[in-house]
Amino acid sequence: MENQFSQYQDLEKIMITRDEIQTQVKEVAKRISADYQGKTPVVVCILKGAVMFFADLLRELDFPLVTDFMAISSYGSSTKSTGVVKLVKDLDRDICGRDVLVVEDIVDSGMTLSYIKKEFAQRGAASVRIATLLDKPARRRVELDVDYSCFVIPDAFVVGYGLDYDEKYRNLPDIGVLHPRIYTK
Ligand code: IMP
């Protein structure tokens, strides 16, 4: 089943299966739903990596919400964050006075989300919380509170379920460790 795509040959191993992802997304959605009762937050998808997580999570959230999208770049085509965060696409709406839930694929150095948190606070958001699919705490370079995280993972470069290397592998339904031969060529 896992090997339905030829791109799985580029993986060292599967780290998290599609079934494990779905189970954990439902669990985290329950916690988020309990915390946001009576509120109508703006739920922000950080493009492009969080698209799959965002789509699955949203369908499990049991409260009224509005959506928005933001694109940030910090990687280029490498596996190491440049540390330079660039805003590629801004939100469409004003978030002043709104509760904001930011949905991200992975927290690595923490630079991207700490930039977003500061930026949203400056724009007058009533609250800013973070929901991430993956958390790689070993690589953190700035202090950051992660409110909701589905999986804490070791320091490895992972792809699939929205996460990419050089824009590829986003379509894999499972999350796997990319074989180093792919990026050390
Ligand atoms: P940070 O600013 O270093 O926390 O990086 C966050 C961004 O880096 C994420 O939104 C991802 O796009 C990317 N990233 C970090 N680690 C990985 C990984 O293991 N695989 C794919 N992308 C990653």
When rounded to the nearest 0.5 angstrom, what distance separates [atom1] in [X] from [atom2] in [Y]?
{"X": "Glu12", "Y": "Arg181", "atom1": "CD", "atom2": "CZ", "result": "9.0 Å"}
{"X": "Ser73", "Y": "Lys48", "atom1": "OG", "atom2": "NZ", "result": "10.0 Å"}
{"X": "Arg170", "Y": "Met52", "atom1": "CZ", "atom2": "CE", "result": "9.0 Å"}
{"X": "Glu20", "Y": "Phe151", "atom1": "CD", "atom2": "CZ", "result": "6.0 Å"}
{"X": "Phe54", "Y": "Leu101", "atom1": "CZ", "atom2": "CG", "result": "9.0 Å"}
{"X": "Thr112", "Y": "Glu104", "atom1": "OG1", "atom2": "CD", "result": "6.0 Å"}

Between [X] and [Y], is any pair of side-chain heavy atoms under 4.5 Å apart?
{"X": "Pro137", "Y": "Val152", "answer": "yes"}
{"X": "Ile153", "Y": "Ile106", "answer": "yes"}
{"X": "Arg140", "Y": "Asp135", "answer": "yes"}
{"X": "Leu134", "Y": "Ile16", "answer": "yes"}
{"X": "Gln7", "Y": "Val159", "answer": "no"}
{"X": "Val42", "Y": "Phe120", "answer": "no"}
{"X": "Tyr8", "Y": "Leu172", "answer": "yes"}
{"X": "Arg129", "Y": "Tyr36", "answer": "yes"}

Do the side chains of [X] and [Y] join up, straight or via other hydrophobic residues, at under 4.5 Å, putting them in one cluster?
{"X": "Val85", "Y": "Leu163", "answer": "no"}
{"X": "Ile14", "Y": "Ile21", "answer": "no"}
{"X": "Tyr148", "Y": "Phe53", "answer": "yes"}
{"X": "Val158", "Y": "Leu11", "answer": "no"}
{"X": "Met111", "Y": "Ile46", "answer": "yes"}

* Expected output: side-chain Asp147 to main-chain Ile130 donor-acceptor under 3.5 Å -> yes
Residues 57-65, side-chain donor-acceptor partners within the protein, below 3.5 Å, at least two apart:
residue: Arg59; atom: NE; partner: Ala55; partner atom: O; Å: 2.9
residue: Arg59; atom: NH2; partner: Asp56; partner atom: OD1; Å: 2.9

* To do: Could you note down all residue pairs passing salt bridge (charged side-chain N to carboxylate O under 4.0 Å, His left out) where residues 91-103 supplies at least one of them, sequence neighbours left out?
  => Lys89-Asp92
Can you name the closest pair of heavy atoms from [X] and [Y] and give their distance?
{"X": "Asp155", "Y": "Ala138", "value": "CB-CB, 4.3 Å"}
{"X": "Val100", "Y": "Ala125", "value": "CG2-CB, 4.0 Å"}
{"X": "Ala156", "Y": "Val177", "value": "CB-CG1, 4.1 Å"}

Got a sec: does the [atom1] of [X] have more than 12 other heavy atoms crowding it under 6.0 Å?
{"X": "Asp90", "atom1": "CG", "value": "yes"}
{"X": "Glu143", "atom1": "CD", "value": "no"}
{"X": "Gln37", "atom1": "CD", "value": "yes"}

Would you mind checking if [Y] and [X] are paired as a salt bridge, meaning a charged N to carboxylate O distance below 4.0 Å?
{"X": "Arg31", "Y": "Glu27", "result": "no"}
{"X": "Asp174", "Y": "Lys13", "result": "no"}
{"X": "Lys168", "Y": "Asp10", "result": "no"}

* Structure fact -> Sorted by chain and residue number, the side-chain hydrogen bond (donor to acceptor under 3.5 Å, both in side chains) partners of Asp68 (sequence neighbours excluded) come out as none
* Asked: Could you walk me through whether Ile72 and Leu87 pass the side-chain contact (heavy atoms from CB on, under 4.5 Å) check?
  -> CA-CA 5 Å; Ile72 303 279; Leu87 180 58; 3.8 Å; yes
* Please step through side-chain hydrogen bond (donor to acceptor under 3.5 Å, both in side chains) for the pair Tyr183 and Asp166, ending with a clear verdict. => CA-CA 9 Å; Tyr183 51 85; Asp166 204 10; over 6 Å; no
